[in-house]
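These numbers come from the heavy atoms of this one structure, side chains and all, not from hydrogens, waters or symmetry mates. First listed ligand is number 1; within each ligand, the first listed atom is number 1.
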Amino acid sequence: MLLHIGIDDTDSRKHGMCTTYIGAVLMRRLAKVGEVEEAKLVRLNPNIKYKTRGNAAIALAVRTKKVEEAKRITKQAVEEFAVLEDENTNPGIVFHEGELPEDFSRFYHRALHEVVGIDQAERLLRRHGAEYVKYKLGRGIVGALAAIGAELEQATYEYIAYRARERWGTRRNIDAASVLAMDALTFPLTFNNFDYGEGRVLIAPHTPCPVLFGIRGINAQVVEEAAKLVLPGEEIALSAVYKTNQGTDAHLEEVSRVAEVRPFSSVILTGEVASEPEIIRGGHVFFRLRDDHGEEITCAAYEPTRQFRGVVRALIPGDRVKVYGGVDESRTINLEKLEVLRLRRERLVNPQCKNCGRRMESAGRGKGYRCRRCRTRAEEKVRERLERNLQEKLYSVPPIAMRHLSKPPVLAL
Ligand code: ATP
């Protein structure tokens, strides 16, 4: 019998923990009662307020004859490690035996793009006779069910190393030079190891959680090999490799007009820059985008997107662009990527006087232009070539600001 197990919402921003750690412990414990055939680390809607950090859930598929024993082991691990004392931690476990219903896959897609209720997950689980366990509010059943339903046609892999328990909450001492060497050898088969613009190691979190470091890449073998090149600075107490939807852009949906942009979704939208980009206090850059129906929406490149803001600032009205990003409550698109499709290369200016070379001024509405000094005249404005510091290509935020789900431009999946 193939038993699908989904788990979510076990960690706490303050006290640490990580659902993937419980998954790794379980992989080891469940090996005693069966064979773990698949381990998925599934990122869900990055725009929801309930998330602790990266909105991750996990799902395991275990081939076992001891289904009840496997369930018991799972519940015990969640109860042992979940941070139940944090008021925002509301764990959920979902068990499903055998073939996965199509409904589960549809639920995964909804959990990527929308905000779904606990009751909606519960209704679906009951309809399909799946067993589930809710701790406190049990919000975790949303992510747990979605993770089980994720079919991951496009996938990447992550190797995660975990720390010995006594090290949790202490400083990590990963050798940065070894990370650079690993990156030099394995990039772009692995990705987001280091941000060269910021000079920052990206494989290790700064949270009190059990994760020591994680390496992302295009297959299980490459991430495991890459991990061996890292000098971790301490014992690796446990490790696991997950199949994941990270770096796949699974959250983005192309919409054809502004009217289709829903709060809390993630969209791809094409249009024309309709206003000069504006920098506000805090270093955020905003501009208006007009779709082909004349409707407008605000796009934002926030301060943490660093040098990407320079790209956005260099846009001018009339540029044709494709924007990629998450949508907030007020329907502002928080840019993750921007593709410049067509740069405006010209602008209309008042003609120059042939005599003195000065710019002419308007002679009045519909009366053309004149040079006051030389009394020369001209009928129309003239085109002037614009020098642009942008190229017609895809620009992305730097790795340090990249969302887990965002596909790095170097990644060929
Ligand atoms: P970490 O990345 O550290 O594991 P997290 O960011 O994954 O933390 P969770 O603790 O998993 O945060 O909290 C997310 C909560 O939101 C879970 O209870 C999950 O079930 C729920 N959730 C996930 N996706 C959706 C969605 N689309 N709509 C509503 N709730 C969701």
* Pair listing, salt bridge (charged side-chain N to carboxylate O under 4.0 Å, His left out) test, anchored in residues 7-31, at least two apart -> Arg29-Glu80
* **Tyr162 versus Thr20, side-chain donor and acceptor atoms under 3.5 Å** => yes
Using a cut-off of under 3.5 Å, which N/O atoms of ligand 1 pair up with protein N/O atoms, and what distance separates each pair?
{"residue": "ligand 1", "atom": "2 (O)", "partner": "Gly54", "partner atom": "N", "Å": "3.1"}
{"residue": "ligand 1", "atom": "3 (O)", "partner": "Asp11", "partner atom": "OD2", "Å": "2.5"}
{"residue": "ligand 1", "atom": "4 (O)", "partner": "Asp11", "partner atom": "OD2", "Å": "2.8"}
{"residue": "ligand 1", "atom": "6 (O)", "partner": "Thr52", "partner atom": "N", "Å": "3.0"}
{"residue": "ligand 1", "atom": "6 (O)", "partner": "Arg53", "partner atom": "N", "Å": "2.7"}
{"residue": "ligand 1", "atom": "6 (O)", "partner": "Gly54", "partner atom": "N", "Å": "3.0"}
{"residue": "ligand 1", "atom": "6 (O)", "partner": "Asn55", "partner atom": "N", "Å": "2.5"}
{"residue": "ligand 1", "atom": "7 (O)", "partner": "Asn55", "partner atom": "N", "Å": "3.3"}
{"residue": "ligand 1", "atom": "7 (O)", "partner": "Ala56", "partner atom": "N", "Å": "2.5"}
{"residue": "ligand 1", "atom": "7 (O)", "partner": "Ala56", "partner atom": "O", "Å": "3.0"}
{"residue": "ligand 1", "atom": "8 (O)", "partner": "Asp11", "partner atom": "OD2", "Å": "3.2"}
{"residue": "ligand 1", "atom": "10 (O)", "partner": "Asp9", "partner atom": "OD1", "Å": "3.2"}
{"residue": "ligand 1", "atom": "10 (O)", "partner": "Asp11", "partner atom": "OD1", "Å": "2.9"}
{"residue": "ligand 1", "atom": "10 (O)", "partner": "Thr52", "partner atom": "OG1", "Å": "2.8"}
{"residue": "ligand 1", "atom": "11 (O)", "partner": "Asp8", "partner atom": "OD1", "Å": "2.6"}
{"residue": "ligand 1", "atom": "11 (O)", "partner": "Ala56", "partner atom": "O", "Å": "3.4"}
{"residue": "ligand 1", "atom": "12 (O)", "partner": "Thr52", "partner atom": "N", "Å": "2.8"}
{"residue": "ligand 1", "atom": "12 (O)", "partner": "Thr52", "partner atom": "OG1", "Å": "3.1"}
{"residue": "ligand 1", "atom": "18 (O)", "partner": "Asp9", "partner atom": "OD2", "Å": "2.5"}
{"residue": "ligand 1", "atom": "18 (O)", "partner": "Arg139", "partner atom": "O", "Å": "3.4"}
{"residue": "ligand 1", "atom": "18 (O)", "partner": "Gly140", "partner atom": "N", "Å": "3.4"}
{"residue": "ligand 1", "atom": "20 (O)", "partner": "Asp8", "partner atom": "OD2", "Å": "3.3"}
{"residue": "ligand 1", "atom": "20 (O)", "partner": "Arg139", "partner atom": "O", "Å": "2.8"}
{"residue": "ligand 1", "atom": "20 (O)", "partner": "Gly143", "partner atom": "N", "Å": "2.8"}
{"residue": "ligand 1", "atom": "24 (N)", "partner": "Asn55", "partner atom": "ND2", "Å": "3.4"}
{"residue": "ligand 1", "atom": "27 (N)", "partner": "Ala111", "partner atom": "O", "Å": "2.9"}
{"residue": "ligand 1", "atom": "27 (N)", "partner": "Glu114", "partner atom": "O", "Å": "2.8"}
{"residue": "ligand 1", "atom": "28 (N)", "partner": "Val116", "partner atom": "N", "Å": "2.9"}

* Of all residues at least two apart in sequence or in a different chain, which pass the side chain to side chain contact (heavy atoms under 4.5 Å, CB included) check with Glu198? -> Asp195, Arg200, Arg306, Gln307, Ile400
* To do: Only one of Val312, Asp319, Ile316 passes side chain to side chain contact (heavy atoms under 4.5 Å, CB included) with Phe287; say which it is.
  => Val312
* Check step by step if ring pair (Phe, Tyr, Trp, His ring centres under 6.0 Å) holds for Phe104 and His4. => CA-CA 12 Å; Phe104 286 14; His4 295 274; 8.6 Å; no
* **Residues forming a ring-ring contact (aromatic ring centres under 6.0 Å, His included) with His251, sequence neighbours excluded** => none
